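See below for the structure under consideration.
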Amino acid sequence: MTSAFTNAKRQIDDVADLLMAEYPDRKLFKKAVEKLKRPQRVLRKSLSLRMDSGKIGSFISYRSQHNDARGPFKGGIRFHPQVSEDEVKALSTWMSIKCATVGIPYGGGKGGIIIDPKLLSETELQRLCYAYAEFLTPYIGPWKDVPAPDVNTGGREMAWMLEAYERKIGYHAPATFTGKPIELGGSLGREEATGQGGFYVLNEYLKTKKLKNKKTSIAVQGFGNVGFWFAKLAKKAGYKVIAVSDSSGGVYNPKGLDVEKVMIHKEKTGSVLGLYNELTNDELLTINVDILVPAALENAINKENVKNVKAKVILEMANGPTTPEAEEILLSKKVDILPDVLCNAGGVTVSYFEWVQNLHGYRWTKEHVNEELEGILEKAFTEIDNLVKIKKISYRKAAYLMAVKRIIDAMILRGRV
Ligand code: NAD
């Protein structure tokens, strides 16, 4: 399987040819594209951690700062055994594209530690967050790089990292991290923001296709923060969520699942299994459903399993869940792929609102947050949908076309190429 970063670079190349005609100075444009395919800086450190047993453990950590031509770097921090330099580089590239797609003033960043956090005690995890934030302190800040949660991190980890960062710099700077607990300056609506954003995109898309929600069936791979909120909001609006899964497998009911009940069960038992008929993760990806929502990790739909995918629409809530090879096959079968850089941009958009509130020492209501979020995602969807229709290209190509142009224009205006 090709690496996530190779996929990210290929996605940029795919639109560069289409954009070239808009730039009279082709040499300059080509230089800018090459620059855009390389992160500006990749930080790596082996963090030493005193374990509860008294022994010293060491854990490899990264932060990739991809491109800050449009604003400070922005992106999550992932704790996972599969974290790698290649992965953070890919995810930071996608963050640059995502922020430009929805028009918020950031570049892309991403960080991670190679660790299964379930193997650490709470105090070990806290010390690891402190050590990571201390390492990052010279490179982050409200106008430099603004980290946030990602897979296996959340408000608790952001609070610890903020504490370590502020201790080092000697003053309060809550706008350095987003996704914080409300008590520490987090925004109302951040927890559900990514799922909420995907739900707005789903509604906009279905409006253009004149499909009815009650008849539309949905399967969600990955029942974590993003998958749960998306499924919950979709169910509430009358869509039929027929299957969900987590790393232990999935559950299925053709009549529709009670999404909240599945979450309560998962919180009690640690997995979604037990309440309904069960299916494997591979089966979930290939069941007969209108809309398939990958909301777990990269490369979920790949050239090995794509031929069995029956959904007519893929709504990407995870980052990079469809490989380019799989995408080619799906597009040839006229499957619409609503891309990650649009569908899951709700998270970074509400992070942006959190940063704005922190910089001004102000609090927005949840209604205000959701109203602003809907406005931003509706506008981005309409711009992309218009390009799809005018240029007869895929939704991903349309989003990339818009985003790559915005970033390259900013790079050229700054004289970086
Ligand atoms: P999370 O850790 O809360 O949830 C991940 C879920 O995926 C868990 O339920 C896990 O069991 C499941 N999972 C892992 N491997 C799986 C597999 N092979 N098959 C099925 N399920 C599997 O993480 P999250 O925050 O919900 O993030 C999910 C995805 O969304 C990631 O790709 C992340 O980068 C992306 N994303 C998250 C946010 C956010 O705000 N949290 C924003 C944008 C994008």
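Given the structure is predicted, the values throughout are model-derived calculations rather than measurements. All values below come from the heavy atoms of this structure, side chains included, with hydrogens, waters and symmetry mates left out.
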Mind listing the closest non-hydrogen atom pair of [X] and [Y] along with its distance?
{"X": "V251", "Y": "V262", "answer": "CG2-CG1, 4.4 Å"}
{"X": "I140", "Y": "P147", "answer": "CG2-CG, 4.1 Å"}
{"X": "L359", "Y": "P142", "answer": "CD2-CB, 4.2 Å"}
{"X": "G227", "Y": "V220", "answer": "CA-CG1, 3.8 Å"}
{"X": "V102", "Y": "A380", "answer": "CG1-CB, 4.0 Å"}
{"X": "T101", "Y": "A403", "answer": "OG1-CB, 3.5 Å"}

For [Y], is there any backbone N or O sitting under 3.5 Å from a side-chain donor or acceptor partner on [X]?
{"X": "E278", "Y": "G274", "answer": "yes"}
{"X": "S187", "Y": "R190", "answer": "no"}
{"X": "S61", "Y": "K45", "answer": "yes"}
{"X": "N302", "Y": "N305", "answer": "yes"}
{"X": "R70", "Y": "R406", "answer": "no"}
{"X": "N277", "Y": "Y252", "answer": "no"}
{"X": "T153", "Y": "I77", "answer": "yes"}
{"X": "H360", "Y": "Y362", "answer": "no"}
{"X": "R78", "Y": "I114", "answer": "no"}
{"X": "E157", "Y": "G154", "answer": "yes"}

Distance-only side-chain donor-acceptor flag, [X] / [Y], under 3.5 Å:
{"X": "D385", "Y": "Y205", "value": "no"}
{"X": "Y200", "Y": "Q196", "value": "yes"}
{"X": "Q126", "Y": "Y130", "value": "yes"}
{"X": "E191", "Y": "N225", "value": "no"}
{"X": "R416", "Y": "Q40", "value": "yes"}
{"X": "K35", "Y": "N67", "value": "no"}
{"X": "D246", "Y": "S271", "value": "no"}
{"X": "Y62", "Y": "E85", "value": "no"}

N/O donor to acceptor pairs below 3.5 angstrom from side-chain atoms of residues 174-185, sequence neighbours left out:
unit_1: T176; atom_1: OG1; unit_2: A173; atom_2: O; d: 2.7
unit_1: T178; atom_1: OG1; unit_2: K74; atom_2: NZ; d: 2.8
unit_1: T178; atom_1: OG1; unit_2: S351; atom_2: OG; d: 2.8
unit_1: K180; atom_1: NZ; unit_2: P174; atom_2: O; d: 2.9
unit_1: K180; atom_1: NZ; unit_2: F177; atom_2: O; d: 2.6
unit_1: K180; atom_1: NZ; unit_2: E354; atom_2: OE2; d: 2.7
unit_1: K180; atom_1: NZ; unit_2: N358; atom_2: OD1; d: 2.7

field: Cationic N near anionic O, under 4.0 Å, D145 to R63
entry: yes

Basic-acidic side-chain contact under 4.0 Å: E34, R38: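 Between R38 and E34 there is no salt bridge, as every charged N stays at least 4.0 Å from the carboxylate O atoms.
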
message: Would you say the rings of W229 and F199 are close, in the sense that their centroids are separated by under 6.0 Å?
response: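 Aromatic pair excluded; centres sit 6.0 Å or further apart.
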
Rounded to the nearest 0.5 Å, what's the gap from [atom1] on [X] to [atom2] on [Y]? Could you check?
{"X": "M95", "Y": "Y106", "atom1": "CE", "atom2": "OH", "answer": "9.5 Å"}
{"X": "K391", "Y": "N386", "atom1": "NZ", "atom2": "CG", "answer": "12.0 Å"}
{"X": "I384", "Y": "L401", "atom1": "CD1", "atom2": "CG", "answer": "10.5 Å"}
{"X": "F73", "Y": "D68", "atom1": "CZ", "atom2": "CG", "answer": "3.5 Å"}
{"X": "F381", "Y": "E378", "atom1": "CZ", "atom2": "CD", "answer": "10.5 Å"}
{"X": "E87", "Y": "N299", "atom1": "CD", "atom2": "CG", "answer": "9.5 Å"}

Could you check if a side-chain atom of [X] sits within less than 4.5 angstrom of a side-chain atom of [Y], using non-hydrogen atoms only?
{"X": "P81", "Y": "I115", "answer": "no"}
{"X": "D116", "Y": "L119", "answer": "yes"}
{"X": "N319", "Y": "L297", "answer": "no"}
{"X": "S96", "Y": "I407", "answer": "yes"}
{"X": "Y352", "Y": "P105", "answer": "yes"}
{"X": "M317", "Y": "P294", "answer": "no"}
{"X": "N281", "Y": "S245", "answer": "yes"}
{"X": "Q65", "Y": "S92", "answer": "no"}

message: Determine whether D150 and K110 satisfy the following criterion, salt bridge (charged side-chain N to carboxylate O under 4.0 Å, His left out), listing intermediate values before the conclusion.
response: CA-CA 9 Å; D150 190 72; K110 203 74 171 195; 3.2 Å; yes

Atom [atom1] of [X]: over 12 foreign heavy atoms under 6.0 Å:
{"X": "H172", "atom1": "NE2", "result": "no"}
{"X": "K307", "atom1": "NZ", "result": "yes"}
{"X": "K405", "atom1": "NZ", "result": "yes"}
{"X": "K310", "atom1": "NZ", "result": "yes"}

query: Which salt bridge (charged side-chain N to carboxylate O under 4.0 Å, His left out) pairs, counting each pair once, include a residue from residues 253-263, with sequence neighbours left out?
result: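 Of all non-adjacent pairs touching residues 253-263, those that pass salt bridge (charged side-chain N to carboxylate O under 4.0 Å, His left out) are K232-E260.
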
Listed pairs under 3.5 Å, donor-acceptor, residues 325-333 side chains, sequence neighbours left out:
unit_1: E325; atom_1: OE1; unit_2: T323; atom_2: OG1; d: 3.4
unit_1: E327; atom_1: OE1; unit_2: R396; atom_2: NE; d: 2.7
unit_1: E327; atom_1: OE1; unit_2: R396; atom_2: NH2; d: 2.9
unit_1: E327; atom_1: OE2; unit_2: R396; atom_2: NE; d: 3.3
unit_1: E328; atom_1: OE2; unit_2: R10; atom_2: NH2; d: 3.0
unit_1: S332; atom_1: OG; unit_2: I329; atom_2: O; d: 2.7

Pairs under 3.5 angstrom only: tabulate donor-acceptor contacts from the side chains of residues 18-26 to other protein residues two or more places apart or in another chain.
unit_1: Y23; atom_1: OH; unit_2: D409; atom_2: OD1; d: 2.6
unit_1: D25; atom_1: OD1; unit_2: K27; atom_2: N; d: 3.3
unit_1: D25; atom_1: OD1; unit_2: L28; atom_2: N; d: 3.1

Could you list the donor-acceptor pairs under 3.5 angstrom formed between side-chain atoms of residues 283-293 and any protein atom two or more places apart in sequence or on another chain?
unit_1: E283; atom_1: OE1; unit_2: T280; atom_2: N; d: 2.8
unit_1: T286; atom_1: OG1; unit_2: D282; atom_2: O; d: 3.2
unit_1: T286; atom_1: OG1; unit_2: E283; atom_2: O; d: 3.2
unit_1: D290; atom_1: OD1; unit_2: K312; atom_2: NZ; d: 2.8
unit_1: D290; atom_1: OD2; unit_2: S217; atom_2: N; d: 2.8
unit_1: D290; atom_1: OD2; unit_2: S217; atom_2: OG; d: 3.3

message: Which label fits F353 and W364: parallel for a plane angle under 30°, tilted from 30 to 60°, or perpendicular past 60°?
response: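 Correct class here is tilted.
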
task: Using salt bridge (charged side-chain N to carboxylate O under 4.0 Å, His left out) as the criterion, list what pairs up with E122, not counting sequence neighbours.
output: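 E122 satisfies salt bridge (charged side-chain N to carboxylate O under 4.0 Å, His left out) with R156 only.
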
